[in-house]
Amino acid sequence: MTVRGVDVSSYQPSTYSTKGLDFVFAKATEGTSYINPRMTAQAAHARRNGLVVGFYHFLRPGDMAAQARYFVEKCASVEGDPLFADWEDSGVSCAQKDAFLAEVKQLRGETHRVGLYCNQYYWLHRDSTGNAGDALWIADYVTAGAPRIKAQWTFHQHTDRPLDTNLGRFADRAALRKWATGSPTAPSKPAPKPSTTYTVRAGDTLSGIAARYGTTVDKLAAANGIENPNLIRVGQSLEITK
């Protein structure tokens, strides 16, 4: 079973037929200076008709972090809407594509799926990392559901007539919505540094403890709320930070 959808941009009207559709992906932005003037209306039209809504950003050469910020700040998304990088410009490298995905993931990865749109040629001949974020949306104008790639894909754009038309690999709209609004993979966070505790003994000084553990008096004082480094008491438990 699959779900059906279309993707729209300023070339399509603000209202369009949603008969037989389960999702709509709307172009949001391009580079750092273009916003689809029909995006908000196109997304609202899809939501009124109960469809899953997503957005994409057309990558241009330049600062990927700036483009990622522009995309997430300007697109009309709500929590749970999938967000995609549209990789078609030959001036954008694979490394830049990956940098954009990473930045969007950092900015919105806890509340949105973040994926990649590209055509079959780009995926086979320009991509070198296999990185599509949370979802590969592949364009290949062949039999619906049979793109000519070996990688796992989530959406397949199989024709552009009468407009860009797609299949999604989900049993039904409810399954697609559950995926979109589920628990995206959050950006990894550094593990907390292990802490060590020390119990103050008679004759100890904060400077001596700091030297013993390879840290500083200031760090020990800050970690333990010590206002006067010359005043510590026997039996006091100190958290050792480096």
Listed partners of Arg38 passing side-chain contact (heavy atoms from CB on, under 4.5 Å), at least two apart: Ser14, Asn36, Gln42
Decide yes or no for Leu167 and Val3: does some side-chain heavy atom of the first lie under 4.5 Å from some side-chain heavy atom of the second? no
Contact list for residues 11-35, test ring pair (Phe, Tyr, Trp, His ring centres under 6.0 Å), sequence neighbours left out: Tyr16-His45, Phe23-Phe25, Phe23-Phe155, Phe25-Phe84, Phe25-Trp137, Phe25-Phe155
With Trp123 via ring pair (Phe, Tyr, Trp, His ring centres under 6.0 Å) - residues at least two apart: none
In terms of hydrophobic clustering (I, L, V, M, F, W, Y; side-chain heavy atoms under 4.5 Å; direct or indirect links), are Met64 and Leu101 co-clustered? yes
Do Met39 and Ile35 make a side-chain contact, defined as non-hydrogen atoms from C-beta onward lying under 4.5 Å apart? yes
Just to verify, what does Gln157 make a side-chain hydrogen bond (donor to acceptor under 3.5 Å, both in side chains) with, not counting sequence neighbours? Asp7, Tyr117, Tyr141
Closest contact, heavy atoms only, Leu136 versus Cys118: CD1-SG, 4.4 Å
With sequence neighbours left out, what residues match Arg148 under salt bridge (Lys or Arg N to Asp or Glu O under 4.0 Å)? Asp140
With the side chain counted from C-beta on, respond yes when Glu88 and Asn119 share a heavy-atom pair under 4.5 Å apart, and no when they do not. no
Counting N and O atoms only, with roles assigned by atom type, does the side chain of Tyr122 sit under 3.5 Å from a partner on the main chain of Ser90, one being a donor and the other an acceptor? yes
Can you tell me how far the NZ atom of Lys27 sits from the CZ atom of Phe58, to the nearest 0.5 Å? 6.0 Å
For Thr29 and Cys75, run side chain to side chain contact (heavy atoms under 4.5 Å, CB included): C-alpha distance rounded to whole Å, both residues' side-chain angles, the deciding distance at 0.1 Å, then the answer. CA-CA 7 Å; Thr29 50; Cys75 80; 5.5 Å; no
Verdict with reasoning, Thr32 to Asp63, per side chain to side chain contact (heavy atoms under 4.5 Å, CB included): CA-CA 9 Å; Thr32 56; Asp63 186 331; over 6 Å; no
Side-chain contact, heavy-atom cut-off 4.5 Å: His158 with Thr143? no
Test salt bridge (Lys or Arg N to Asp or Glu O under 4.0 Å) on Asp134 and Lys105; report intermediate values, then the result. CA-CA 9 Å; Asp134 296 322; Lys105 193 74 171 172; 2.6 Å; yes
Sequence neighbours left out, what passes side-chain contact (heavy atoms from CB on, under 4.5 Å) with Ala210? Give chain and number order. Thr215, Val217, Leu220
So CG of Leu238 and OG1 of Thr199: to nearest 0.5 Å the spacing works out to 8.0 Å
With heavy-atom distances below 4.5 Å as the criterion, would you say the side chains of Thr197 and Ile240 are in contact? no
Minimum heavy-atom separation for Ser9 to Tyr56, with atom names? CB-OH, 3.8 Å
side-chain hydrogen bond (donor to acceptor under 3.5 Å, both in side chains) contacts touching residues 222-237 (sequence neighbours left out): none
Can you name the nearest heavy-atom pair linking Pro61 to Val92, along with the distance? N-CG2, 3.5 Å
Flag side-chain contact, heavy atom, 4.5 Å: Lys97 against Asp127: yes
The criterion is side-chain hydrogen bond (donor to acceptor under 3.5 Å, both in side chains); which residues satisfy it with Asn131, sequence neighbours excluded? Asp98
Name all pairs fulfilling the side-chain hydrogen bond (donor to acceptor under 3.5 Å, both in side chains) condition that reach into residues 66-76, sequence neighbours left out, sorted by first residue then second. His57-Gln67
Residues passing the side-chain contact (heavy atoms from CB on, under 4.5 Å) test with Arg201, sequence neighbours excluded, are Tyr198, Asp204, Arg212
Report the residues that fulfil salt bridge (Lys or Arg N to Asp or Glu O under 4.0 Å) with Asp89, sequence neighbours left out, ordered by chain and then residue number. Arg60
When you measure from the side chain of Arg173 to the backbone N and O of Leu21, does any donor-acceptor pair fall under 3.5 Å? yes
Are Trp153 and Arg169 side-chain neighbours, meaning at least one heavy-atom pair lies under 4.5 Å? yes
Distance check, rounded to the nearest 0.5 Å: Asn166 atom CG versus Thr159 atom OG1? 10.0 Å
How long is the gap from CD on Glu79 to CD on Glu110, to the nearest 0.5 Å? 10.0 Å
Testing Arg47, Arg108, Arg113, His112 for side chain to side chain donor-acceptor pair (under 3.5 Å) with Asp81, which one passes? Arg47
With sequence neighbours excluded, tell me which residues meet salt bridge (Lys or Arg N to Asp or Glu O under 4.0 Å) with Arg4. none
Check against side chain to side chain contact (heavy atoms under 4.5 Å, CB included), Ile149 and Leu124: CA-CA 8 Å; Ile149 60 172; Leu124 295 181; 4.1 Å; yes
So do the side chains of Ile232 and Ile226 get within less than 4.5 Å of each other, counting heavy atoms only? yes
Would you check, one step at a time, whether the test side chain to side chain contact (heavy atoms under 4.5 Å, CB included) holds for Leu51 with Thr18? CA-CA 8 Å; Leu51 307 189; Thr18 59; 3.8 Å; yes
